[in-house]
Number of protein chains: 2
Amino acid sequence: MPAAVSELTDHLGYWLRIVSNHVSYAFARRLSDKDVTVAEWAMMRMLFGRGPVAPSELAMKMGLTRGAVTKLADRLIGKGLAAREEGQKDRRTQTLRLTARAEALVPELAAAADQNDLEWFGSLPDGERRALERILKTMAARLALTSIPVD
Amino acid sequence: MPAAVSELTDHLGYWLRIVSNHVSYAFARRLSDKDVTVAEWAMMRMLFGRGPVAPSELAMKMGLTRGAVTKLADRLIGKGLAAREEGQKDRRTQTLRLTARAEALVPELAAAADQNDLEWFGSLPDGERRALERILKTMAARLALTSIPVD
DNA sequence: TATTGTTATACTCTATAACTATA
DNA sequence: TATAGTTATAGAGTATAACAATA
């Protein structure tokens, strides 16, 4: 007896994607008030409160290729939110840092992220929210091992 | 006393996005063996085992604009996986259907989706998997109401 | 006028690969 | 040769807006 052809909704991956997309989209709309994208926020938060950081470090920590980091950094620089500087010792290296304006903006963006989380997860019963957090973090830990090395 | 600036990892939305992206990416890699993308799979599954379907119906059910449906359909047609036909009564309407090759392919893609789900969620304890499913479906139901109407 | 679908355009996100400068 | 970063190119995914045909 042949198994039935499974439907989209038969997969947890489907529900995960649907919910994640909506939550991220809602967050993107909040950020767009400040003319910042989700990827830009992520990079800005990585740079916040730190000195100059090498693009290669960002690539590693954000799971992006170096090319992607360059492009994202270009956009931040174009918006006056980041600056590029030459490395001192090794002249191949560059560093990225936030501008003063960006340093002032990050707390607002963080507040937007807090609000978004509250909007989407705030009404979950405490037990469920904790369960969700535990499951996601467990899975994230596992996929950090499995993950295909970028670049 | 000012609240600390929250970090990326302080948000459930962050973990949701990380995990969802990895699961979807892994699925995309499976599908790419068959030269199909995740969005194409979703549309194919919507069309599978059905007669001709109007693009507008697909747009509604998939949460896409009509323009996005046209573009996705164009790609399926280009790959020989779907066909476009004129509507009968109302001559403004078009319909989409799968080709025979696509009908034969969908069960393979469904099996790939099953495998992917098994790989990523199969090792969760039963209770956790059920909890995750329940939480995601509850959230999905809620956002179906909240969701910004497309188009 | 309203509706169905397509087309044109644009932008984000991401990758791969070639290239430059330096080590 | 190897490494850090940039540049060039490409493609998925999605949107908005203008348009054509039809109702």
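Since this is a predicted model, take the numbers as computed values, not measurements.
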Do you reckon A/Met60 sits in the same ILVMFWY cluster as A/Leu47, going by side-chain contacts under 4.5 Å, direct or chained? no

For A/Lys89 and B/Asn21, take the nucleotide of DNA chain C holding the closest heavy atom to each; which residue's nucleotide lies nearer the 5' end? B/Asn21

Round to a whole Å and report the spacing from CG of B/Leu96 to C1' of C/dT4. 12 Å

On a heavy-atom basis, the closest approach of A/Ala102 and A/Met44 is CB-CE, 3.8 Å

Start with the C-alpha gap between A/Val53 and A/Met46, add the side-chain angles, then the distance that decides, and say whether side chain to side chain contact (heavy atoms under 4.5 Å, CB included) holds. CA-CA 9 Å; A/Val53 177; A/Met46 290 279 184; over 6 Å; no

What pairs of residues pass the salt bridge (Lys or Arg N to Asp or Glu O under 4.0 Å) test when at least one of them lies in residues 35-57 of chain B, not counting sequence neighbours? B/Asp35-B/Lys79, B/Glu40-B/Arg75, B/Glu40-B/Lys79, B/Arg50-B/Glu57, B/Glu57-B/Lys61

Inter- and intrachain pairs under salt bridge (Lys or Arg N to Asp or Glu O under 4.0 Å), touching residues 5-16 of chain B, at least two apart: none

Would you check if the side chain of B/Arg142 reaches a backbone N or O of A/Trp120 as a donor-acceptor pair within less than 3.5 Å? yes

In whole angstroms, how far is the P atom of C/dT12 from the CG atom of A/Asp35? 9 Å

Whole angstrom is fine here: how far is it from CE in B/Met60 over to P in C/dG5? 10 Å

Of the listed nucleotides D/dA23, D/dG13, C/dC13, the one nearest the side chain of A/Arg75: C/dC13

Using the C1' atoms of five pairs at each end, what's the angle between the two axes of the helix from C/dT1-D/dA23 to C/dA23-D/dT1, to 10 degrees? 30°

For atom NE2 of A/His22 and atom C1' of D/dT14, their distance in whole Å: 13 Å

I'd like to know if A/Leu118 and B/Leu12 are part of one continuous hydrophobic network [Ile/Leu/Val/Met/Phe/Trp/Tyr, side-chain heavy atoms within less than 4.5 Å]. no

Expressed in angstrom and rounded to an integer, what is the separation of B/Ile77 atom CD1 from C/dG5 atom P? 13 Å

Write down the distance between CD (A/Gln88) and P (C/dT22), rounded to a whole number of angstrom. 16 Å

Closest non-hydrogen atoms of A/Arg97 and A/Pro52, given as atom of the first, atom of the second and distance, are CB-CA, 4.2 Å

Which side-chain N or O atoms in residues 107-115 of chain B pair as donor and acceptor under 3.5 Å with protein atoms at least two apart or in another chain?
unit_1: B/Glu108; atom_1: OE1; unit_2: B/Lys34; atom_2: NZ; d: 2.8
unit_1: B/Asp114; atom_1: OD1; unit_2: A/Ser6; atom_2: OG; d: 2.7
unit_1: B/Asp114; atom_1: OD1; unit_2: A/His11; atom_2: NE2; d: 2.6

Are B/Asp74 and B/Lys71 close enough for a salt bridge, meaning some N to O gap below 4.0 Å? no

Measure from the side-chain heavy atoms of A/Thr65 and tell me the nearest of D/dT16, C/dT14, C/dT16. C/dT16

With rounding to the nearest 0.5 angstrom, report the CZ to OG distance, B/Arg17 to B/Ser20. 10.0 Å

DNA chain D-proximal residues of residues 105-115 of chain A, any heavy atom under 4.0 Å: none

Among C/dT22, D/dT16, D/dA23, which nucleotide sits nearest the side chain of B/Arg91? D/dA23

Starting from the C-alpha separation in whole Å, work towards a yes-or-no answer on side chain to side chain contact (heavy atoms under 4.5 Å, CB included) for A/Arg84 and A/Thr70. CA-CA 10 Å; A/Arg84 210 176 247 126; A/Thr70 296; 4.0 Å; yes

B/Ile18 has an atom CD1; how far is it from atom P of C/dC13, in whole Å? 14 Å

Gap between atoms CG and P, on B/Leu72 and D/dA12 respectively (whole Å): 10 Å

Base-contact (B) and sugar-phosphate-only (S) positions in nucleotides 1-7 of chain D, heavy-atom cut-off under 4.0 Å, - elsewhere: -BBBBBB

